[in-house]
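What follows is a single structure, written as structure tokens, with notes after it.
Only a predicted model underlies this, so the values are computations on that prediction, with no experimental measurement involved. These values consider heavy atoms only, across backbone and side chains, with no hydrogens, waters or symmetry-generated copies.
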Amino acid sequence: MEKIPILKINNILIVSLQGDLTDKSVANLQHDILSKIYKTKAVGVLIDISVLDIIDSFLGRVISDTARMIKLLGAEIMITGMKPCVAITLVELGLQIGSVNTALDMESGIEKLKREIRLHGIEEIDESSLPAYMEENAVELNDQPGEEEDDSL
């Protein structure tokens, strides 16, 4: 099975969907995007669908669900390159992508995504400031909710 590449440029993930998508590769893509956001602390995701001439209900639903999940992780999403026939299909299928920002091409999509990130005050975590923050607030690394030390060993 072929994986869909996810590129990271600065704090934005770029995903370009290509023509031959299987349901399994689309489902795996959802997991891959969410994992990559978590691991890289990306604050924005741009999904380019400009090569897609048709979109089925499964792909439309996965894109819609993934967009909501990306927002739950605190990142912004931008879909670029949507063709008119794809937009018509999404509306006819009744899929809700109202909270997803769109742009006609990747260049304007990146600019709009950057504006959305600034508008919502999303910033990358500056890990160099964490030790000072932890010291000021008396936080220890083992202070994880729900975790207790096991003294039986």
Side-chain angles (χ1 to χ4, degrees), residues 1-53 55-83 86-87 90 95-149:
M1 183 188 65
E2 203 169 298
K3 288 190 85 136
I4 299 170
I6 301 172
L7 305 174
K8 182 175 183 284
I9 299 175
N10 297 321
N11 55 3
I12 296 175
L13 301 179
I14 309 282
V15 181
S16 180
L17 298 184
Q18 301 301 312
D20 296 328
L21 298 171
T22 65
D23 287 353
K24 189 167 185 161
S25 67
V26 171
N28 288 338
L29 176 64
Q30 182 181 63
H31 178 267
D32 292 347
I33 289 172
L34 299 175
S35 295
K36 193 121 183 179
I37 290 170
Y38 184 77
K39 288 178 185 170
T40 65
K41 298 176 179 67
V43 295
V45 178
L46 184 141
I47 299 176
D48 181 60
I49 62 171
S50 60
V51 300
L52 300 180
D53 291 325
I55 192 166
D56 63 11
S57 61
F58 180 74
L59 178 58
R61 187 168 37 92
V62 169
I63 289 174
S64 175
D65 292 347
T66 304
R68 288 197 314 266
M69 293 173 193
I70 288 169
K71 291 265 191 182
L72 284 174
L73 291 178
E76 291 294 321
I77 180 167
M78 180 72 59
I79 296 179
T80 61
M82 187 179 303
K83 293 181 179 173
V86 171
L90 288 174
L95 295 172
Q96 299 294 320
I97 59 168
S99 64
V100 177
N101 296 309
T102 59
L104 289 177
D105 57 43
M106 285 185 74
E107 186 176 351
S108 61
I110 288 173
E111 291 305 315
K112 284 177 77 174
L113 185 56
K114 287 180 179 178
R115 278 196 305 269
E116 286 296 317
I117 290 169
R118 281 192 299 268
L119 180 68
H120 289 101
I122 300 171
E123 297 177 17
E124 279 187 287
I125 295 173
D126 180 9
E127 293 183 9
S128 64
S129 66
L130 284 178
Y133 171 82
M134 293 170 67
E135 187 175 312
E136 288 173 15
N137 295 289
V139 176
E140 294 184 25
L141 287 177
N142 292 333
D143 285 352
Q144 299 290 325
E147 288 188 18
E148 296 178 15
E149 290 186 25

*Which pairs pass salt bridge (Lys or Arg N to Asp or Glu O under 4.0 Å) with one or both residues in residues 9-19, sequence neighbours excluded?*
none

Distance-only donor-acceptor hits, side chain of residues 107-114, under 3.5 Å, sequence neighbours excluded:
| from | atom 1 | to | atom 2 | distance (Å) |
| --- | --- | --- | --- | --- |
| Ser108 | OG | Asp105 | O | 3.3 |
| Ser108 | OG | Asp105 | OD1 | 2.8 |
| Lys112 | NZ | Thr102 | O | 2.6 |

*Rounded distance [0.5 Å steps], CG in Leu13 versus CD1 in Ile70*: 8.0 Å

_Which heavy atom of Ala67 sits nearest to which heavy atom of Val100, and what is that distance?_
CB-CG2, 3.2 Å

_Rounded at 0.5 Å granularity, tell me how far CG in Leu90 sits from CG in Leu59._
8.5 Å

*asked:* If I take atom CE from residue Met78 and atom CD from residue Glu116, how far apart are they, to the nearest 0.5 angstrom?
replied: 6.0 Å

*Qualifying residue, where the test is side chain to side chain contact (heavy atoms under 4.5 Å, CB included) with Ile49 and the options are Lys83, Met82, Gln18*: Met82

*With sequence neighbours left out, what residues match Ser50 under side chain to side chain donor-acceptor pair (under 3.5 Å)?*
Asp48

*asked:* List the residues meeting side chain to side chain contact (heavy atoms under 4.5 Å, CB included) with Leu7, not counting sequence neighbours, and say none if there are none.
replied: Ile14

*Once you round to the nearest 0.5 Å, how far does CD1 of Ile55 lie from CG of Leu21?*
9.0 Å

*asked:* Do Ile6 and Leu29 have side chains that approach each other closer than 4.5 Å (heavy atoms only, starting at C-beta)?
replied: yes

_Which atom of Val51 lies closest to which atom of Leu17, heavy atoms considered_ = CG2-O, 3.0 Å

*Is there a donor-acceptor contact under 3.5 Å from the side chain of Lys8 to the main chain of Asn10?*
yes

_Exceeds 12 heavy-atom contacts within 6.0 angstrom, atom OH of Tyr38_ = no

*What pairs with Asp65 under salt bridge (Lys or Arg N to Asp or Glu O under 4.0 Å), at least two apart in sequence or on another chain?*
Arg68

_Donor-acceptor contact present, side-chain Thr66 to main-chain Val62, <3.5 Å_ = yes

*asked:* So which atom in Gly44 and which in Ala75 form the shortest heavy-atom distance, rounded to 0.1 Å?
replied: N-CB, 4.1 Å

_Reported NE2-to-CE distance for the pair His31 and Met69, which is rounded to 0.5 angstrom_ = 11.0 Å

*Asp32: salt bridge (Lys or Arg N to Asp or Glu O under 4.0 Å) partners, not counting sequence neighbours*: Lys3

*Leu73 atom CG, over 12 foreign heavy atoms within 6.0 Å*: yes

